[in-house]
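By convention in this document, chain letters (A, B, ...) are assigned in the order of the sequence lines, proteins followed by strands, and residues within each chain are numbered from 1.
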Protein chains: 2
Amino acid sequence: MNTNKISIKSPATIANLVCGFDILGLALEEPYDIMTLENTDHPGLEIIHLDDHGLPTEPAKNVSGAALLAMMEELNEVPKWKLTIEKRIKPGSGLGSSAASAAGAVFAANKLLGSPFSNDDLIRFAMFGEKVASGVKHADNITPCLLGGVTLIRSIHPLDIISLSAPELFITVVHPQIEVRTADARQILKKEVPLKQAIKQWGNIAGLVAGLMQGDHALIGRSLEDVIIEPVRSILIPGFEETKRRSLEAGALGGGISGSGPSIFMLSKEEKTAAAVEQEMKQVYAAIGIDFKTYLTKLNMKGITTF
Amino acid sequence: MNTNKISIKSPATIANLVCGFDILGLALEEPYDIMTLENTDHPGLEIIHLDDHGLPTEPAKNVSGAALLAMMEELNEVPKWKLTIEKRIKPGSGLGSSAASAAGAVFAANKLLGSPFSNDDLIRFAMFGEKVASGVKHADNITPCLLGGVTLIRSIHPLDIISLSAPELFITVVHPQIEVRTADARQILKKEVPLKQAIKQWGNIAGLVAGLMQGDHALIGRSLEDVIIEPVRSILIPGFEETKRRSLEAGALGGGISGSGPSIFMLSKEEKTAAAVEQEMKQVYAAIGIDFKTYLTKLNMKGITTF
């Protein structure tokens with residue numbers, strides 16, 4: 001490996017996993033961003049976007065840049081880097097686009113520096129990128145992006161990250177091309193929840209964790225129920241109810257809003273079920289007349305990888 | 001085995017497990033009730049208590065009786081039984097005394113009848129007993145009592161019970177002999193909880209389930225935190241804060257209120273730690289001047305057993 005330059009794939013992620021608002025997330029095989037970080041001989045952090053998403057390239061305002069600056073501040077060093085980003089995960093899709101940028105950048109930088117930092121450190125730095133993107137330091141996309149698989153963030157202060165074992169899962173995603181801003185999606189949530197609903201929710205979370213760790217697909221499916229967030233947020237996503245209903249009829253285990261939306265994801269035990277779900281999704285959004293993109297992919301057990 | 005008569009041990013249980021209000025429970029090796037059910041040649045259900053707790057013996061008002069009547073109603077049969085109960089789990093202790101009576105009775109009856117019923121059926125019948133005791137049909141003591149180990153009740157309607165694997169755990173319990181009625185302990189809970197606290201709680205529940213299933217004692221300890229119920233209910237239990245603080249200092253993984261109290265339990269990885277915790281508990285309540293009883297026991301993996 002040329003230690004002056006590193007290229008990585010940084011995967012899309014699904015946060016919340018229906019009942020696990022703010023604590024659970026998983027990584028997808030696709031889509032992913034491609035990023036290259038290389039050493040230069042002059043102080044500064046140059047950011048080049050090979051995509052046309054119109055993202056800021058000024059380091060402090062760029063998600064990757066903010067995460068890298070946080071890392072270099074801890075080292076008390078001035079960066080001498082050029083970062084090239086080919087962003088394939090569309091910003092605002094609800095698929096962890098900003099997390100892929102933030103986690104990918106610090107992962108690459110840590111490799112170039114000779115790996116002085118732990119995963120917990122990298123998550124901490126990457127959260128500065130998330131703050132630039134949404135105003136909130138959250139880790140439920142960053143963590144599965146970095147580590148792969150399904151991850152639990154038990155606590156952010158102090159950071160307590162647990163990787164959960166999980167069976168093979170096929171994942172179908174539809175991204176209706178409408179805008180749902182993370183900040184708006186947070187705004188509409190009620191600040192208080194009825195204790196009865198909270199109890200139902202934590203039964204489902206416990207069931208989902210147990211189902212994943214036991215490899216019990218039926219239990220995973222039964223536990224993918226959200227009585228608190230989904231009823232409020234799904235209103236922002238045209239076609240949500242129909243997509244969910246038809247996906248379940250096609251055999252999906254369950255699913256819901258990816259992160260704060262607008263993407264919708266469905267988990268399936270078999271690839272052919274996931275493919276049937278994709279057909280339903282296409283039909284729903286073609287009929288509504290909203291532009292959309294679908295992905296038929298799998299649970300990604302590796303997280304960010306070099307290539 | 002004489003099929004006209006059966007004797008069983010029905011164990012004490014701890015519901016809630018700090019962060020898992022209404023969904024988690026575990027069974028203890030001690031204390032336990034001893035019950036004998038025998039066929040008679042005349043219609044009716046005779047209940048005899050060998051203890052001095054002053055519990056009603058009229059079947060419809062007795063916890064065991066109500067559970068047995070629910071079972072016989074489903075069979076459309078008139079019971080011809082004599083039930084003898086030696087109740088060693090003190091009613092009102094928060095250690096699942098009523099659940100032991102209800103679950104023990106239906107377990108024994110099912111054996112005498114040739115096991116026509118599933119565990120789910122037995123849990124359903126036993127909940128009629130819980131309703132007599134506290135006015136609420138809950139299953140978080142009944143289920144671990146019957147099945148042993150740590151159990152998750154993901155949902156009551158429909159009933160969805162999951163047994164969670166768990167490492168060996170030593171459990172210290174102190175029962176301060178004050179009265180906390182389950183109905184009162186429910187009454188003082190707030191009907192609404194802040195979303196932020198709910199999120200913290202479900203992070204802990206997910207962490208506890210993962211910790212148990214991974215056999216990660218440190219994670220179990222970190223997850224034994226309740227930001228919703230304990231701050232309210234612990235006010236009803238003199239000495240709670242001091243018991244908890246000193247138990248943690250003595251090396252306990254964590255713990256809290258057993259069920260709706262007043263008993264307090266602490267989990268430990270090692271037996272000697274659990275013994276040190278017991279000493280702290282004794283000192284706290286001796287100093288306060290409240291009568292108390294302590295138990296040094298283990299996680300019971302078998303649930304109800306015949307002997």
Side-chain angles (χ1 to χ4, degrees), chain A residues 16-17 19-24 138-140 150-166 186 189-216 218-229 232, chain B residues 16-17 19-24 138-140 150-166 186 189-216 218-229 232:
Chain A
N16 298 346
L17 302 188
C19 54
F21 181 64
D22 269 4
I23 63 162
L24 293 176
H138 63 102
D140 44 353
V150 183
T151 57
L152 162 66
I153 296 112
R154 193 192 65 83
S155 155
I156 287 204
H157 305 289
L159 193 61
D160 191 3
I161 303 292
I162 300 112
S163 282
L164 305 177
S165 60
R186 283 202 169 254
L189 298 178
K190 293 180 186 120
K191 302 281 176 291
E192 302 255 316
V193 298
L195 179 60
K196 271 197 166 180
Q197 287 187 6
I199 292 168
K200 193 159 190 183
Q201 195 89 348
W202 59 58
N204 281 321
I205 290 161
L208 181 55
V209 172
L212 288 166
M213 294 182 68
Q214 293 177 352
D216 181 337
L219 177 56
I220 292 169
R222 294 199 300 280
S223 304
L224 286 169
E225 176 192 39
D226 173 4
V227 297
I228 293 177
I229 312 293
V232 181
Chain B
N16 299 346
L17 301 188
C19 55
F21 181 65
D22 269 5
I23 64 162
L24 292 175
H138 64 105
D140 44 351
V150 183
T151 59
L152 162 66
I153 296 113
R154 193 192 65 84
S155 154
I156 287 202
H157 306 289
L159 193 61
D160 191 2
I161 302 292
I162 299 112
S163 283
L164 305 177
S165 59
R186 283 202 169 253
L189 297 179
K190 294 184 185 114
K191 302 282 176 289
E192 303 255 317
V193 297
L195 179 60
K196 271 197 166 181
Q197 287 187 6
I199 293 167
K200 194 159 189 184
Q201 194 88 349
W202 59 60
N204 282 321
I205 290 161
L208 181 56
V209 172
L212 288 165
M213 294 181 69
Q214 292 176 353
D216 181 337
L219 177 56
I220 292 170
R222 294 198 301 279
S223 304
L224 285 170
E225 176 191 40
D226 174 4
V227 295
I228 293 177
I229 313 293
V232 181

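- With a threshold of 4.5 angstrom between heavy atoms, A:L24 does not approach chain B through any atom at all.
- Within the structure, every pair that satisfies the side chain to side chain donor-acceptor pair (under 3.5 Å) test and touches residues 202-216 of chain A, not counting sequence neighbours, is listed here: A:N204-A:E225, A:N204-B:R154.
- Taking chain B as the reference chain and counting heavy-atom pairs below 4.5 Å, the highest number among A:V209, A:L219, A:V193, A:I23 is found for A:V193.
- Only the side chain of A:L152 comes within contact range of chain B, judged by heavy atoms closer than 4.5 Å.
- Among the candidates A:K191, A:M213, A:Q197, A:K196, the residue making the largest number of heavy-atom pairs closer than 4.5 Å to chain B is A:M213.
- The contact between A:L189 and chain B is made entirely by side chain atoms (from C-beta outward), counting heavy-atom distances below 4.5 Å.
- Both the backbone and the side chain of A:L195 come within less than 4.5 Å of a heavy atom in chain B.
- If you take CD1 on B:I205 and CD1 on A:I205, they are separated by 6.5 Å, rounding to the nearest 0.5 Å.
- Ranking A:A198, A:G211, A:A210 against chain B, the residue ahead of the rest is A:A210, based on heavy-atom pairs under 4.5 Å.
- Contact tally against chain B (heavy-atom pairs below 4.5 Å) for A:L208, A:L164, A:D160, A:I156: the top residue is A:D160.
- For a residue to count as touching a neighbouring chain, one of its non-hydrogen atoms must lie under 4.5 Å from one of that chain's; by this rule A:L212 does not touch chain B.
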